[in-house]
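Owing to the predicted nature of the structure, the values given are computational and were not obtained by experimental measurement.
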Amino acid sequence: MRVKPLGQPPKIWQVIEKKNKDGKLMKFTIQEIPEDRYEDAIQHMCTYFLVDEPICQCLNAKNDSLFLHDMIMLWRMLLPEGISIAAFIDNPNGGKSIIAGMNVLGVNVRNQKDNISDYQYKSEKLKHTREILNKTKMVYERYEVDKYLYTLGLSVEPDYRGYGLGKELLKVRDLIGSAYGVPATATAVTSINSQKAAAGAGFEEFLTTNYADMVDKDGKEYFPNINSKALKIMGKRINTAQ
């Protein structure tokens with residue numbers, strides 16, 4: 001579901017400053033991703049998210065052509081909804097600003113299909129993974145809402161990790177939900193660091209499942225040797241009163 005009016009320019013949600021390891025201030029602008037940066041955003045996700053996120057790493061997504069194709073297609077379908085965000089920082093060498101971190105976002109509505117619901121997956125691995133992560137829909141009953149913000153990936157570029165950017169990107173969902181009338185958000189959080197960031201941003205746990213317990217009908221693990229212990233479904237209410 002599209003919640004942002006067509007033609008509306010990208011919103012700047014927040015400007016934050018962090019000190020780097022040398023004590024110098026770095027200024028990050030967290031804003032909706034402009035259309036002319038969509039392909040840069042997808043390149044960021046391919047370079048960092050597919051390599052570092054535990055499930056993608058476990059499934060070797062970066063080197064799986066079908067998985068890679070499907071993820072890129074899904075991102076290209078969601079980004080034009082206009083609510084995905086990135087933390088931009090000036091490039092010291094001039095030119096385009098750097099995407100230090102980003103979060104691809106969409107809106108699910110109860111009993112409605114969103115624009116990726118009918119996507120025909122080429123990758124069975126990704127199709128099954130999306131089915132597992134779909135447990136975020138328990139947010140409908142948890143908070144008695146009819147729509148919520150969901151994510152198709154959050155990533156921070158390695159040079160900018162350790163400054164709490166992941167938590168800042170998660171916290172901005174409060175502003176997004178409030179501005180567009182979306183009263184909740186929920187996400188499948190796959191690593192311990194992301195789970196800590198989400199908790200710090202006010203998210204609560206709905207469900208925790210150990211990866212070792214995720215098995216098929218023959219008892220074979222879906223994510224063998226994954227570099228994470230448990231998957232958590234986490235969410236929070238958003239105040240939409242204007």
Mind checking what makes side chain to side chain donor-acceptor pair (under 3.5 Å) contact with [X], not counting sequence neighbours?
X: E35; result: none
X: D118; result: K113
X: Y119; result: D70
X: E221; result: none

Task: side-chain hydrogen bond (donor to acceptor under 3.5 Å, both in side chains) pairs, two or more places apart, involving residues 45-57 - done: Q43-T47, D52-R161, E53-T190
Open item on the list: Give me each pair satisfying side-chain hydrogen bond (donor to acceptor under 3.5 Å, both in side chains) with a member in residues 79-92, each pair once, sequence neighbours excluded.
Closed with: E81-N115
Residues two or more places apart in sequence or in another chain: which of them pass side chain to side chain contact (heavy atoms under 4.5 Å, CB included) with [X]?
X: L6; value: R2
X: D36; value: P34
X: V51; value: K62
X: K236; value: D174, T185, F203

Open item on the list: Measuring from atom NZ of K147 to atom CG of N108, what distance do you get when rounded to the nearest 0.5 angstrom?
Closed with: 12.0 Å
Open item on the list: Test your reading of the model: is there a side-chain donor-acceptor pair from T151 to the backbone of V104, 3.5 Å cut-off?
Closed with: yes
Task: Side chain N103, main chain G153, donor-acceptor under 3.5 Å - done: yes
TODO: Step through the shown structure and confirm whether more than 12 heavy atoms of other residues, nucleotides or ligands are within 6.0 Å of CD on E144.
DONE: no
Open item on the list: List the residues meeting ring-ring contact (aromatic ring centres under 6.0 Å, His included) with Y148, not counting sequence neighbours, and say none if there are none.
Closed with: Y140
Task: Any residue meeting ring-ring contact (aromatic ring centres under 6.0 Å, His included) with Y163, in chain and number order, not counting sequence neighbours - done: none
